[in-house]
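Here's the structure, in structure tokens; my notes come after.
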Amino acid sequence: MDDTLPLPDALAAAITMAGPMSIAQFMAAANAHYYATRDPLGRAGDFVTAPEISQMFGELIGLWTADLWDRADRPAVAWVELGPGRGTLTADAVRAMATAELTPAVHFVETSPVLRDAQRAHVPDAVWHYDIATLPTDLPLIVVANEFFDALPIRQLVKRDEWHERLVACQDTLFLPIAGKPVPADIVPAPLRDAPVGSILEASPDSVHLIRALTTRLVAQGGALLAIDYGYDGPALGDTLQAVRGHRCANPFDTPGENDLTAHVDFTTLAAAAQNASGVVWGPVPQRDLLGALGIDGRTSALAKASPARADALLADRTRLMDDMGTLFRALGVTAPTWPAPAGFA
């Protein structure tokens, strides 16, 4: 694509030259521009994540890490966060880990220059990476991915007389999904091949590749991965591609690069990919079960006792994490075969 053009014009030109593009290509280009050009978090942005709601979220993840590290005989480890937003989760986790005598080297996998600046303000000693290839190879890794996999590109198939890949076409800079060429039926899970006309099936090859690569690293180096996101048990039918702008739903095909594009995570496929790479898989479990097992109620009470004026706000934050987000969001754990069972996945 022509990087000198505004993104909608560049996408339109690419489609005019080469024909309709896949949903995955469209989503990847839109999100790359979106995250590179803004801080999307907070009331002034487009959405709010759990670490921005309450310090308790990051603190509990930090204590989860410290507990696992302690039962793994306290090796030197590297803490890795994928897509760390403003660095809030890691800053809170590092503070909590320090109370348990764990002070890991911090590594961020982040491509956005805007967000790197925000992260640097919260965690100035971090080391930044554009992808996982440059992460340390000589230490166990503790990898945290909160609302990361949902932003990775997805492919979509749509059922007509046969299954077709869903593509993005355009007229001027008006983008719309269309059915492309038929695909071999055997790439569709057998129970879904005879789905009704109009059905949509999603897959995220990038997510599968990433979790396989990370699990391979964990098996070789030791460590664990914790992924928290909204999603489902696949295979399943449904169009989950969505856009958010200004805390409101938007059309995913309007103004590409100006909306946050996400899709629900297929936890069954992620778990299978990790198992195929010889990792030990835990969960998924609802976020509320994980945070409950890690002691969010006790932490809420302790913070309220220390700051009585904040008691109502702390309780409201706990409600958002446990009730509003508690069942929609799920947690998946992956550990090296030689590492102990992580807390919260009983």
Validation: residues 271-286 side-chain donor-acceptor distances under 3.5 Å, sequence neighbours left out:
from   : atom 1 : to     : atom 2 : distance (Å)
Asn276 : ND2    : Ala272 : O      : 3.2
Trp282 : NE1    : Thr335 : OG1    : 3.0

Please tabulate, for side-chain N and O atoms in residues 314-321, each donor-acceptor pair with protein atoms closer than 3.5 Å (sequence neighbours left out).
from   : atom 1 : to     : atom 2 : distance (Å)
Arg318 : NE     : Asp297 : OD1    : 2.8
Arg318 : NH2    : Asp297 : OD1    : 3.1
Thr319 : OG1    : Leu315 : O      : 3.0

Please find the pair of heavy atoms, one from [X] and one from [Y], that lie closest to each other, and give the distance.
{"X": "Pro51", "Y": "Thr88", "result": "O-CG2, 3.5 Å"}
{"X": "Thr327", "Y": "Arg288", "result": "CG2-CD, 3.9 Å"}
{"X": "Pro40", "Y": "Tyr34", "result": "CB-OH, 3.1 Å"}
{"X": "Pro104", "Y": "Trp79", "result": "CG-CB, 3.8 Å"}

**Item:** Passing option when Arg330 is tested against Asp266, Asp289, Asp233 for salt bridge (charged side-chain N to carboxylate O under 4.0 Å, His left out)
**Value:**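 Of all the options given, the one that passes is Asp233.
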**Request:** For Arg86, look at atom CZ and say whether over 12 heavy atoms of other residues, nucleotides or ligands are found less than 6.0 Å away.
**Result:**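 For Arg86, atom CZ is crowded (more than 12 foreign heavy atoms under 6.0 Å).
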**Message:** Other residues, nucleotides and ligands only: do more than 12 of their heavy atoms fall within 6.0 Å of NE2 on His209?
**Reply:**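 Not more than 12 within 6.0 Å, no.
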Examine distances only and state if a side-chain atom of [X] and a backbone atom of [Y] form a donor-acceptor pair shorter than 3.5 Å.
{"X": "Asp239", "Y": "Leu241", "value": "yes"}
{"X": "His122", "Y": "Ala118", "value": "yes"}
{"X": "Trp339", "Y": "Gly222", "value": "no"}
{"X": "Arg217", "Y": "Leu135", "value": "yes"}
{"X": "Glu258", "Y": "Arg245", "value": "no"}
{"X": "Asp206", "Y": "Leu152", "value": "no"}
{"X": "His107", "Y": "His129", "value": "no"}
{"X": "Asp260", "Y": "Asp46", "value": "no"}

Cluster check [X], [Y]: I/L/V/M/F/W/Y, side chain < 4.5 angstrom:
{"X": "Phe57", "Y": "Phe329", "answer": "yes"}
{"X": "Ile200", "Y": "Trp163", "answer": "no"}
{"X": "Met97", "Y": "Val143", "answer": "no"}
{"X": "Leu214", "Y": "Leu332", "answer": "yes"}
{"X": "Val144", "Y": "Val109", "answer": "no"}

Rounded to the nearest 0.5 Å, what separates atom [atom1] in [X] from atom [atom2] in [Y]?
{"X": "Leu41", "Y": "Thr49", "atom1": "CG", "atom2": "OG1", "answer": "5.0 Å"}
{"X": "Gln119", "Y": "Leu89", "atom1": "CD", "atom2": "CG", "answer": "11.5 Å"}
{"X": "Leu261", "Y": "Ile23", "atom1": "CG", "atom2": "CD1", "answer": "9.5 Å"}
{"X": "Glu101", "Y": "Arg74", "atom1": "CD", "atom2": "CZ", "answer": "5.0 Å"}
{"X": "Asn146", "Y": "Ile228", "atom1": "CG", "atom2": "CD1", "answer": "5.5 Å"}
{"X": "Ile53", "Y": "Met325", "atom1": "CD1", "atom2": "CE", "answer": "4.5 Å"}

**Request:** Classify the side-chain pair Tyr230/Thr262 by whether it contains a donor and acceptor separated by less than 3.5 Å.
**Result:**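 Note: Tyr230 and Thr262 side chains meet the donor-acceptor criterion.
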For a 4.5 angstrom cut-off between non-hydrogen side-chain atoms, does [X] reach [Y]?
{"X": "Gln156", "Y": "Met27", "value": "no"}
{"X": "Val77", "Y": "Leu139", "value": "no"}
{"X": "Thr134", "Y": "Val127", "value": "no"}

**Prompt:** Angle class for the Phe47/Tyr35 ring planes (parallel below 30°, perpendicular above 60°, tilted otherwise)?
**Reply:**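 Geometry flag for Tyr35 against Phe47: perpendicular rings.
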**Prompt:** So, are Glu202 and Arg166 salt-bridged, with charged N and O less than 4.0 Å apart?
**Reply:**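 No, Glu202 and Arg166 are not salt-bridged.
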Donor-acceptor list for residues 168-197 side chains, cut-off 3.5 Å, not counting sequence neighbours:
from   : atom 1 : to     : atom 2 : distance (Å)
Arg193 : NE     : Ala185 : O      : 3.2
Arg193 : NE     : Val188 : O      : 2.7
Arg193 : NH2    : Val188 : O      : 3.3

**Request:** Identify whether NZ of Lys or CZ of Arg in Arg116 sits under 6.0 Å from the centre of the six-membered ring of Tyr130 and within 45° of that ring's axis.
**Result:**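 Positive - Arg116 is close enough to the ring of Tyr130 and near enough to its axis.
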